[in-house]
2 protein chains.
Amino acid sequence: MIKCLLVEDQTLVRLGLANLLNLDEDIFIDGHAEDGLQAITQLTQRSFDIVLLDMRMPNLDGLGVLEKMRESLNNTPVLIITTFEDCDVLVKAINLGARGYVLKNIELEELIDAIKRVIAGKRVLQSAVTDYLLQQQLTPQQCLTAKEQVVLQCMSLGMSNKVIANRLDNSEGTIRNHVSQVLAKLNVKDRTQAVIKAINQNLI
Amino acid sequence: MIKCLLVEDQTLVRLGLANLLNLDEDIFIDGHAEDGLQAITQLTQRSFDIVLLDMRMPNLDGLGVLEKMRESLNNTPVLIITTFEDCDVLVKAINLGARGYVLKNIELEELIDAIKRVIAGKRVLQSAVTDYLLQQQLTPQQCLTAKEQVVLQCMSLGMSNKVIANRLDNSEGTIRNHVSQVLAKLNVKDRTQAVIKAINQNLI
DNA sequence: TAAGAACAGTGACATATGTCATAGCCCAAG
DNA sequence: CTTGGGCTATGACATATGTCACTGTTCTTA
């Protein structure tokens, strides 16, 4: 029996997923958490075989949970289950020790398989994820660095340089430099054109 | 027994939600669709008591489904279940005939209640949604004039004020004024946000 | 006819944006 | 160990952007 902690902020999704997974005879959703803070609390009080972790959450997001776990030397294996298909977040999550990363559009059997593979000590990257990674690698012309991608994402959300600087804890000048780099690499003249290009090409 | 068509692109979410809802003795998920096109196909082949509709989907999104349904005079009641908290999308959905609009972080009992209320002919707006709506209504966004629409189109093509001025044979100051009006009406702070909104809302 | 709108324009003003040069730090590859 | 790339930062600079107030003209409509 695999004891799972399921961390997901949307109630419906969490309960639904728990029901589905509990149908498998080897899997038991042993704990629920609605955000990162609750997850940390659960992890300090109890032990689980695996953590099923969403990335976008209030209070403390997935990356934050991974950081806290690393700090407290908690090495419970973590499988990321998310909608967010961002290369940078994926890389960060893996670097922070996540053992698997799958998207929510995965089939149920695949997810169950992924859980068992993680438990078996394997690393799991859904094919859609690896495809995305490969695709990113194969377009070296626009070859944005990790930071530049994050900045572009922020731009695509309509943030000003000042806001981005606050969000990423950098000086505004630094962000300006990154923006300048992004514009050069995307071969556009201003942030609006960059955002249009990013949206059209799904670079965000 | 309420026969439901569940339209949701993420497999896990769809199956989980279906399981949860099927627990209710009055509700039966009678059809699944992974995107808008599949939903339309299902709706032309069978009849349902209600459609549970996600907004963000590949191929044909929630608004598209509502449009198609209206075109084909299909008046099956629709309850929107989405993560997307955008006021404009909400308003558009309601105008296109959606009978309810709830967010995915709703509690299960509330959702079941919402379904039954829609079936009973009532309009359902989750309190979180109405709060947001009220807040937005206090700053009523007026319609863009013809000229403003043209200017917004140009902005969405990445043109600077100077370029737009040349293109439309106006002074740059005039264009600046129009841009300023557009920003105010769209309730955004700069041209980048305006373009993002225009693209997302198909205002161009 | 009077009122109200859309449209065009100007000038002044405050910020935001983007570029450039320069420089330090860190880390990985050679 | 050296080199280069990525990240951070600063200061200076030119230009773009957005706001405001105010002035017109031309319509439509109450």
Side-chain angles (χ1 to χ4, degrees), chain A residues 63 67 70 86-92 94-96 133 136-137 139-199 203, chain B residues 139-199 203:
Chain A
L63 292 178
E67 279 173 12
R70 163 166 285 189
D86 185 271
C87 183
D88 185 58
V89 171
L90 162 62
V91 171
K92 278 190 177 174
I94 297 294
N95 284 335
L96 280 169
L133 276 184
Q136 291 292 339
Q137 297 289 342
T139 54
Q141 297 167 341
Q142 299 174 339
C143 200
L144 298 182
T145 67
K147 189 69 184 215
E148 285 159 1
Q149 285 183 41
V150 173
V151 170
L152 177 57
Q153 277 173 39
C154 291
M155 291 164 63
S156 299
L157 292 174
M159 298 185 200
S160 68
N161 290 332
K162 187 175 294 181
V163 170
I164 298 175
N166 285 332
R167 186 67 62 94
L168 301 184
D169 204 28
N170 288 136
S171 81
E172 189 183 338
T174 300
I175 299 304
R176 277 214 289 264
N177 290 336
H178 285 312
V179 169
S180 197
Q181 272 295 102
V182 169
L183 300 190
K185 287 185 178 178
L186 293 186
N187 195 30
V188 294
K189 287 189 61 186
D190 58 45
R191 75 200 290 111
T192 306
Q193 293 178 0
V195 168
I196 293 170
K197 195 156 192 166
I199 292 176
L203 293 182
Chain B
T139 56
Q141 73 169 35
Q142 301 159 356
C143 291
L144 297 183
T145 67
K147 188 71 180 209
E148 286 160 1
Q149 284 183 40
V150 173
V151 170
L152 178 56
Q153 276 176 33
C154 291
M155 291 163 65
S156 299
L157 291 173
M159 299 186 200
S160 68
N161 290 333
K162 187 175 294 182
V163 170
I164 297 175
N166 285 332
R167 189 66 60 95
L168 301 184
D169 203 27
N170 288 136
S171 82
E172 190 182 336
T174 299
I175 299 303
R176 275 213 290 262
N177 289 337
H178 284 313
V179 169
S180 196
Q181 270 296 102
V182 169
L183 300 189
K185 287 186 178 178
L186 293 186
N187 196 28
V188 294
K189 288 189 62 183
D190 58 45
R191 74 201 290 110
T192 306
Q193 292 179 1
V195 168
I196 293 169
K197 196 154 192 167
I199 292 176
L203 293 183

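None of the values given here were measured: they were computed from a predicted structure. In what follows, chains carry the letters A, B, and so on, assigned in the order in which the sequence lines appear, proteins first and then strands, with residues in each chain numbered from 1.
When all heavy atoms are compared, the tightest approach of B/Val151 to B/Ile164 is O-CD1, 4.2 Å. Nearest approach of B/Met155 to B/Val195, heavy atoms of both residues: O-CG2, 3.5 Å. Residue A/Gly158 comes nearest to B/Ile196 through the heavy atom pair N-CD1, 3.5 Å, listed as atom of the first residue, atom of the second, then distance. Considering every non-hydrogen atom in both B/Leu152 and B/Ala194, the closest pair reads CD1-O, 4.3 Å. Nearest heavy-atom pair across A/Arg191 and B/Thr192 is CG-OG1, 3.3 Å.
In the helix from C/dT1-D/dA30 to C/dG30-D/dC1, the terminal helix axes, each the rotation mapping four pairs' C1' atoms onto the next four within five end pairs, subtend 40°, rounded to 10°.
For B/Leu152 and C/dC7, the CG to P distance is 14 Å, given to the nearest whole Å. For A/Asn187 and C/dT19, the CG to C1' distance is 16 Å, given to the nearest whole Å. Taking atom CD1 of A/Ile175 as the reference point, atom C1' of D/dT8 lies 10 Å away to the nearest angstrom. Taking atom CG of B/Leu168 as the reference point, atom P of C/dA8 lies 8 Å away to the nearest angstrom.
When B/Arg176, B/Lys147, B/His178 are each tested for a side chain to side chain donor-acceptor pair (under 3.5 Å) with B/Asn170, only one passes: B/Lys147.
Taking side-chain N and O atoms only, B/Lys189 has no distance below 4.0 Å to OP1 or OP2 of D/dG18. Using a 4.0 Å cut-off, no side-chain N or O of B/Thr145 falls inside it from OP1 or OP2 of C/dA5. Contact check, A/His178 against D/dT8: a side-chain N or O comes under 4.0 Å of OP1 or OP2.
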Quiz item: Using a cut-off of 4.0 Å between protein heavy atoms and nucleotide atoms, how would you tag nucleotides 9-17 of chain C 5' to 3' with B, S and -?
Solution: BB-B---SB

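To the nearest 0.5 Å, atoms CG (A/Asn161) and CG (A/Asn166) are separated by 11.0 Å.
Of the possible donor and acceptor atoms, one in the side chain of B/Lys197 sits under 3.5 Å from a partner among the backbone N and O of B/Leu186.
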